[in-house]
Number of protein chains: 2
Amino acid sequence: MARIVKAPEERRAEIVETADRLFRQYGYAKCSVEMIIREIGVAKGTFYYYFKSKPDILQAIVDKTLSQIVEMAKGVADEPSLTAMQKMEALLGNSHIGDDNSLEVAEMLHLPENRELHELTNIQTVLQLSPILAQIVEQGIGEGVFEVERPLETIQFLFTGAQFLTDGDMFGFSEAEIRKRRLVTQTIIEKALGAAPGSFDFMNPIRAVE
Amino acid sequence: MARIVKAPEERRAEIVETADRLFRQYGYAKCSVEMIIREIGVAKGTFYYYFKSKPDILQAIVDKTLSQIVEMAKGVADEPSLTAMQKMEALLGNSHIGDDNSLEVAEMLHLPENRELHELTNIQTVLQLSPILAQIVEQGIGEGVFEVERPLETIQFLFTGAQFLTDGDMFGFSEAEIRKRRLVTQTIIEKALGAAPGSFDFMNPIRAVE
DNA sequence: ACTGACTGACCGTCAGTCAGTCAAGTCAGT
DNA sequence: ACTGACTTGACTGACTGACGGTCAGTCAGT
């Protein structure tokens with residue numbers, strides 16, 4: 001095949017992006033290295049020139065995705081003009097439907113066939129995002145809207161628990177089920193953070209009657 | 001090789017037990033069907049006579065392990081002489097260190113190489129155990145020790161969140177870390193269920209000073 | 001004679017290897 | 001400045017070993 005040489009960073013990025021797309025589409029296990037290189041049009045060796053194994057590129061994808069999310073969250077957390085509650089809404093609200101990938105990422109990550117991607121990202125998300133959220137909670141304590149003793153660990157617990165929302169998708173639960181779960185999640189968050197009931201209403205845009 | 005015929009249930013159980021042991025020891029992915037059958041001394045075909053695929057036997061192991069746990073929990077939940085709090089202590093307390101496998105299972109399940117077993121069991125545990133716990137919560141509401149609106153979904157959330165305790169093991173967190181996490185877990189459970197502070201003290205046998 | 005538990009050679013696929021190719025850059029000699 | 005030998009490192013693709021899975025056939029018990 002015609003030999004096309006590219007700048008290493010460009011080639012690496014090309015492989016990561018293609019693998020990312022195919023892993024999400026077909027699932028990690030069902031997507032062979034062969035598929036990835038055929039899609040790009042490079043040889044097997046090129047893949048292993050840049051990545052030492054298949055799990056290795058999975059880790060690279062997770063790192064990349066996560067650093068984007070973390071950066072976004074840091075931007076919000078460090079914004080001095082916002083109150084703690086406003087920051088919570090910005091990060092947890094369903095408002096940001098428009099911004100291309102933050103929602104899509106969450107959705108695709110939870111396709112049933114993506115268990116490897118799913119759990120790896122979940123654990124890392126909890127560990128890396130929690131300190132940022134905890135910082136906002138500290139701010140909220142100062143503002144008198146929250147009351148918790150151990151913000152970091154509390155956030156970690158809540159983050160982990162919130163997975164039961166998304167895990168539900170994997171079993172194809174009904175709309176009503178999901179809505180109930182979202183309401184309960186809101187209630188527990190409010191109780192755990194010592195926030196006023198209803199202060200996290202932005203998580204449940206249209207309150208259902210029952 | 002010498003042909004040894006056994007009763008189907010016996011052979012099936014033999015394969016499940018061996019696979020269970022080897023999966024826990026080496027991890028699901030790193031343990032080949034070849035290893036399992038060599039250990040037992042049967043042919044490849046025997047394995048596929050009883051199980052239609054490798055994931056299939058994984059499911060069988062999860063089902064077996066889970067049904068043991070569920071049965072135990074049901075036994076406690078249906079005991080008419082116990083209060084709701086006593087049942088909670090029986091199921092969540094660290095008292096049952098002696099009973100051979102409930103703790104060991106939990107420990108081995110959380111080895112890093114056992115992700116497949118880990119997540120499959122986690123999800124199934126949450127789904128199957130939650131109704132039983134929820135029933136106890138209902139009883140507790142009647143006894144005036146709990147106050148929650150949606151016991152089932154609340155328990156599901158708490159169960160999922162409690163994984164952050166065990167997931168911590170995978171990263172080798174320190175004793176102090178684990179203890180902090182356990183305290184926070186207790187606090188959130190009490191708040192979420194509307195139980196009196198300290199009523200779940202059995203989760204943290206020796207209260208640390210700080 | 002018949003059933004069904006059991007065998008093991010065989011297949012396709014996949015992750016990973018490696019000896020070698022090729023393009024582009026470097027630089028000494030003219 | 002130009003040329004051509006030399007070096008570097010991106011890239012190739014045939015190959016290997018191991019794996020999950022199949023199936024035509026064998027044998028023990030009834």
Side-chain angles (χ1 to χ4, degrees), chain A residues 1-63 112-117 120, chain B residues 1-62 112-117 119-120:
Chain A
M1 188 182 280
R3 184 190 199 93
I4 299 166
V5 179
K6 294 191 178 181
E9 321 83 56
E10 190 185 344
R11 180 68 85 196
R12 206 189 129 92
E14 186 181 15
I15 298 174
V16 168
E17 272 161 38
T18 306
D20 191 12
R21 200 181 70 242
L22 294 179
F23 283 172
R24 290 185 205 286
Q25 188 169 354
Y26 300 105
Y28 172 75
K30 282 182 190 162
C31 179
S32 64
V33 173
E34 191 66 36
M35 280 174 72
I36 299 168
I37 61 163
R38 220 185 308 127
E39 181 92 2
I40 305 177
V42 294
K44 202 71 163 293
T46 307
F47 179 93
Y48 285 95
Y49 181 77
Y50 287 99
F51 303 95
K52 72 179 225 295
S53 68
K54 201 186 168 194
D56 189 51
I57 197 176
L58 180 65
Q59 190 61 54
I61 292 170
V62 170
D63 289 350
E113 58 266 11
N114 282 347
R115 247 190 261 125
E116 291 87 353
L117 252 175
L120 253 185
Chain B
M1 189 181 284
R3 177 186 285 247
I4 299 165
V5 179
K6 294 190 177 181
E9 321 83 56
E10 190 184 345
R11 179 68 86 196
R12 205 189 131 91
E14 186 182 14
I15 298 174
V16 168
E17 274 161 37
T18 306
D20 191 11
R21 184 163 43 84
L22 294 178
F23 283 171
R24 290 184 206 285
Q25 188 170 355
Y26 301 106
Y28 173 75
K30 283 182 190 164
C31 180
S32 63
V33 173
E34 191 67 36
M35 281 175 71
I36 299 168
I37 60 163
R38 221 186 307 129
E39 181 93 1
I40 304 176
V42 293
K44 201 71 162 293
T46 308
F47 180 93
Y48 284 95
Y49 181 76
Y50 287 99
F51 304 95
K52 72 178 225 296
S53 69
K54 200 187 171 193
D56 189 50
I57 196 175
L58 180 65
Q59 191 62 54
I61 293 171
V62 170
E113 57 262 25
N114 283 346
R115 254 196 250 117
E116 289 87 352
L117 251 175
E119 209 188 10
L120 253 184

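Note on naming: letters A, B, ... go to the chains in the order of the sequence lines (proteins, then strands), and numbering restarts at 1 for each one.
Nucleotide C/dG8 holds its P atom 12 Å from the CD atom of B/Glu34, rounded to whole Å. When rounded to the nearest whole Å, the span between OH of B/Tyr50 and P of D/dG21 equals 18 Å. Distance B/Phe47 CZ to D/dG20 C1': 9 Å, rounded to the nearest Å. Atom OH of B/Tyr26 is separated from atom P of D/dC19 by 13 Å (rounded to the nearest Å). In this structure, A/Lys6 places its NZ atom 16 Å from C1' of D/dT12, rounding to the nearest Å. To the nearest angstrom, C1' of D/dC19 lies 12 Å from CD1 of B/Ile37. Atom-to-atom, CD1 of B/Ile57 to P of D/dG20 comes out at 12 Å; the value is rounded to the nearest Å. Regarding B/Met35, its CE atom lies at a distance of 15 Å from the C1' atom of D/dG20, rounded to whole Å.
Panel note: side chain B/Thr46, backbone B/Val42; no donor-acceptor pair is recorded below 3.5 Å.
Among the duplex regions that DNA chain C forms, those built from at least three successive Watson-Crick or G-U pairs under 3.5 Å are C:1-30 with D:1-30, ordered by first number.
Under the side-chain contact (heavy atoms from CB on, under 4.5 Å) criterion, B/Asp56 pairs with B/Phe51, B/Lys52, B/Ser53, not counting sequence neighbours. Listed by chain and number, the residues in a salt bridge (Lys or Arg N to Asp or Glu O under 4.0 Å) with A/Glu39 are A/Arg21 (sequence neighbours excluded). Under the rule for a side-chain contact (heavy atoms from CB on, under 4.5 Å), the partners of A/Glu34 that lie at least two apart in sequence or sit in another chain are A/Ser32, A/Ile37, A/Arg38, A/Lys44. Taking B/Glu9 as the reference, B/Ala7 meet the side-chain contact (heavy atoms from CB on, under 4.5 Å) condition, with sequence neighbours excluded. Under the side chain to side chain donor-acceptor pair (under 3.5 Å) criterion, B/Glu17 pairs with no residue, sequence neighbours left out.
Scanning both residues, B/Ala19 and B/Ile57, for their nearest heavy atoms gives CB-CD1, 3.6 Å. The two atoms that bring A/Arg11 and A/Ile4 nearest to each other are NH2-O, 2.6 Å, heavy atoms only. Minimum heavy-atom separation, A/Tyr26 to A/Cys31: CB-CB, 4.4 Å.
Distances were taken from every side-chain heavy atom of A/Ser32 (C-beta onward) to each of D/dC11, C/dT7, C/dC14; the shortest belongs to C/dC14.
Heavy atoms of B/Phe51 sit nowhere under 4.0 angstrom from any nucleic acid atom.
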note = For nucleotides 22-30 of chain D, 5' to 3', base contacts (B), sugar-phosphate-only contacts (S) and non-contacts (-) with protein non-hydrogen atoms under 4.0 Å give BB-BBB---
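B/Lys54 forms no cation-pi arrangement with B/Tyr48, by the criterion of a distance under 6.0 Å to the ring centre and an angle within 45° of the ring axis.
Rounding to the nearest 0.5 angstrom, the gap separating the CE atom in B/Met35 from the CZ atom in B/Phe23 is 9.5 Å.
In the region residues 7-19 of chain A, proximity to DNA chain D at under 4.0 angstrom, judged on heavy atoms, holds for A/Pro8, A/Arg11.
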